[in-house]
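Take a look at the structure set out below.
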Amino acid sequence: MLGNALLLAFRELRRNVMRSLLTMLGIIIGVAAVIVVVTLGSGATRQVGQQVASLGSNLLMISVGKRMGPGQTSGAEAFKIADAEALARDVDGLAAIAPVASGSTTAIYANENWSTNVSGSTEDFFTVSNQPVAEGRMFTTNEARRGASVCVIGPTVATKLFGLQNPLNKRIRLQKLSCEVIGLLKAKGQSTMGTDQDDLVVIPLRTYQRRIAGNQDVNLIKVSMQDNVNTDQVKQAIEGIMRTRRHLANTEENNFNVMDMKEIAAMLSSTTQTMTGMLSAVGAVSLLVGGIGIMNIMLVSVTERTREIGIRLAIGALENEVLLQFLVEAVVLSSFGGFIGIVLALGTALALSGVLQVPFVFQGGIVIIAFLFSASVGVIFGYFPARKAARLDPIEALRHE
Amino acid sequence: MTSKSVMADNVLPPLLELHGVTKTYGMGDARMHALAGINLKLNPGEFVAVMGPSGSGKSTCMNILGCLDAPSSGEYLFQGVNVGGLTRNQRALLRRHYLGFVFQGFNLLNRTTALENVELPLIYRGLDTASRHRLAKAALDAVGLSSRETHTPGELSGGQQQRVAIARAIVTEPSLLLADEPTGNLDSKRSIEIMELLTSINRDQGITVVMVTHETEMADYANRIITFKDGLIESDQKHGN
Ligand SMILES: Nc1ncnc2c1ncn2[C@@H]1O[C@H](COP(=O)(O)OP(=O)(O)OP(=O)(O)O)[C@@H](O)[C@H]1O
Ligand SMILES: [Mg+2]
């Protein structure tokens with residue numbers, strides 16, 4: 001009986017290619033939309049998560065001015081190297097501390113030039129930024145102390161200036177400073193804020209101050225804390241010391257800002273999760289719309305096919321045989337459509353994740369849910385109207401227009 | 001002669017009997033009797049022509065005989081079995097194994113080749129592919145359509161569609177072949193061919209044939225002519241060839 005049903009079902013499907021394709025299209029779109037959205041959404045969430053992790057454990061940024069982003073000042077007096085040294089000495093629980101002075105500069109090599117961010121800092125910079133040197137080496141304590149003309153460059157700068165050449169031991173020019181490339185930073189990609197973290201040149205702080213900035217200023221102190229220390233206590237300790245060092249009276253507000261990067265990152269990641277949630281809702285709606293499409297086509301086709309059902313009944317088909325045929329047709333269409341939808345969705349998600357630069361995260365759960373949903377819509381709406389028709393007297397079904 | 005026919009009746013039980021069968025359509029004022037009380041007995045091997053004006057209830061009666069429709073009242077016995085007491089599935093099996101039906105409106109599956117249309121009842125009978133093909137081809141051959149096996153109803157003339165419908169009805173070699181105006185769309189040459197086909201399956205295979213027709217020349221092939229009028233049997237005559 002199943003063999004007959006399969007034979008009859010496949011004959012009908014082949015005969016009605018257009019109808020079959022339309023039904024499948026509803027399923028394909030429904031399944032594909034929701035899978036693409038959820039896959040990309042979770043890719044974005046994963047990316048934020050990775051970026052949070054790559055920020056390093058417990059990073060604090062101490063910047064000049066009030067509640068402003070890193071590198072921005074509001075007229076308040078800049079830090080000095082001594083401030084960083086005082087913090088290193090007097091605050092418990094710090095893992096590394098990197099005073100940073102930075103600015104935008106054009107880096108030149110041969111005929112190539114590239115406008116980038118140059119940061120002067122200490123060896124701790126690489127630890128605190130969680131961006132180690134991938135090739136070559138970082139500058140030594142000695143080089144840092146005497147302000148040697150050496151630099152470590154990010155992958156973006158390397159590509160822009162050197163193309164495919166090996167940048168190590170070449171000399172690049174930063175304004176008046178000619179410095180030797182001694183190291184290449186590990187690629188880190190975009191930051192949570194969307195800036196390219198590989199587009200920078202790191203040189204010793206003293207070199208920066210003397211040869212580029214021409215002053216003793218430090219704009220930013222990056223601090224990484226040891227594991228298992230209380231962030232708020234460390235923050236308070238830093239604020240206490242800095243207030244004293246900057247001679248602030250009790251009534252005065254801080255003219256510097258201690259930012260907890262982890263907090264910001266967590267906020268961003270929850271934003272991404274909200275976005276994913278919303279996109280999933282959009283996906284669910286498209287799945288629903290796809291489902292309604294399937295339902296319509298199924299209903300229309302069964303109405304159309306009531307006469308066919310009548311003919312089959314008239315020449316001796318049992319109600320169950322007719323139903324089994326319709327069920328097989330619906331199952332074949334739904335699962336085939338679902339399968340195409342899944343393949344299409346994964347392909348699209350893969351391509352889009354490349355374009356949007358988010359990782360491709362395969363979400364098996366949503367694939368199964370989307371498939372089961374549209375398959376059951378297809379089967380239910382293929383089956384029940386057919387059952388209604390198959391219960392008619394043959395003559396009534398035959399009279400149906 | 002009378003004694004002989006009584007003898008025959010005793011030897012062969014009737015193929016089917018209708019007792020006071022009525023069919024009413026509509027309710028209240030719109031109520032009308034398509035069949036107003038039909039009594040009929042058919043013996044195996046008969047070739048019956050059903051005649052009568054349009055709207056006299058011929059098709060309605062055929063549908064009831066074909067177990068496609070249920071009477072509003074009265075009793076239908078097929079080979080002694082009360083059809084009214086059968087389940088839907090039992091009636092379907094009755095159609096599948098004993099009945100062949102040629103509809104007034106052909107009722108072929110659209111977009112389906114002639115061969116596949118003729119094969120359909122055999123699929124439900126559970127025949128294997130090879131026998132299905134053989135029998136379906138033979139049936140199409142018998143109605144003179146062997147060259148049109150792969151044509152769909154849309155690609156066939158009305159007469160050709162009618163012949164496919166006939167092939168589908170005879171392919172199962174039913175006990176009873178019900179044909180509602182099988183020559184309605186055919187020219188006289190084709191009509192005569194079809195009548196000869198029906199005569200031969202009636203004579204050679206012993207299939208009982210009930211055929212609705214408006215044409216007396218076609219009715220001449222039958223050995224019994226029943227005339228309907230206003231939902232009643234007006235006359236029922238043996239017809240000698
Ligand atoms: N489904 C229906 N609903 C209401 N009335 C019907 C229905 N089917 C048939 N009738 C009526 O029953 C009567 C008998 O119809 P039937 O089809 O049996 O006539 P017929 O003898 O086959 O006519 P024809 O020679 O034109 O085919 C007609 O008056 C018709 O209008
Ligand atoms: Mg009629």
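Below, all heavy atoms of this structure are taken into account, side chains as well, without hydrogens, waters or symmetry copies.
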Query raised in the report: For B:F103, which residues count as a ring pair (Phe, Tyr, Trp, His ring centres under 6.0 Å) partner, sequence neighbours excluded?
Result: B:F101
Report task. Name the region of A:A390, side chain, backbone, both or neither, that has any atom closer than 4.5 Å to a heavy atom of chain B. Result -> backbone
Requested in this report: Under 4.5 Å heavy-atom distance to chain B, tell me which part of A:L318 shows up: side chain, backbone, both or neither.
Outcome: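 The answer is both parts of A:L318.
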Are there donor-acceptor pairs under 3.5 Å across chain B and chain A? List atom names and distances.
residue, atom, partner, partner atom, Å
B:Y25, OH, A:R399, NH2, 3.4
B:L68, O, A:I395, N, 3.4
B:R88, NE, A:E319, OE1, 3.1
B:R88, NH1, A:R391, O, 3.2
B:R88, NH1, A:L392, O, 3.2
B:R88, NH2, A:A390, O, 2.6
B:R88, NH2, A:L392, O, 3.4
B:R95, NE, A:L313, O, 2.9
B:R95, NH2, A:L313, O, 3.1
B:R96, NE, A:G316, O, 2.9
B:R96, NH2, A:G316, O, 3.0
B:R96, NH2, A:E321, OE1, 2.4
B:R96, NH2, A:E321, OE2, 3.2
B:N107, OD1, A:R307, NH1, 2.7
B:L108, O, A:R307, NH2, 3.4
B:R111, NE, A:N16, OD1, 2.7
B:R111, NH2, A:N16, OD1, 2.6
B:T112, OG1, A:R15, NE, 3.2
B:T112, OG1, A:R15, NH1, 3.3
B:E116, OE1, A:R15, NH2, 2.6
B:E116, OE2, A:R11, NE, 3.3
B:E116, OE2, A:R14, NH2, 3.4
B:E119, OE1, A:R11, NH1, 3.2
B:E119, OE1, A:R11, NH2, 3.0
B:I123, O, A:N4, ND2, 2.9
B:Y124, OH, A:R312, NH1, 3.0

Output yes when a side-chain donor or acceptor of [X] lies under 3.5 Å from a complementary backbone atom of [Y], and no otherwise.
X	Y	answer
B:R163	B:V143	yes
B:D230	B:S56	no
B:S157	B:Q160	yes

Query raised in the report: Sequence neighbours excluded, which residues qualify as side-chain hydrogen bond (donor to acceptor under 3.5 Å, both in side chains) partners of B:D141?
Result: B:S146
**Report entry** All pairs passing ring pair (Phe, Tyr, Trp, His ring centres under 6.0 Å) where residues 309-352 of chain A contributes a residue, at least two apart
**Finding:**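 Pairs touching residues 309-352 of chain A that pass the test: none.
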Requested in this report: Could you tell me which portion of B:L99 (side chain, backbone, both or neither) has an atom closer than 4.5 angstrom to a non-hydrogen atom of chain A?
Outcome: neither
Query - Residue pair A:F371, A:I35: steps toward the side chain to side chain contact (heavy atoms under 4.5 Å, CB included) verdict - result: CA-CA 9 Å; A:F371 181 81; A:I35 294 179; over 6 Å; no
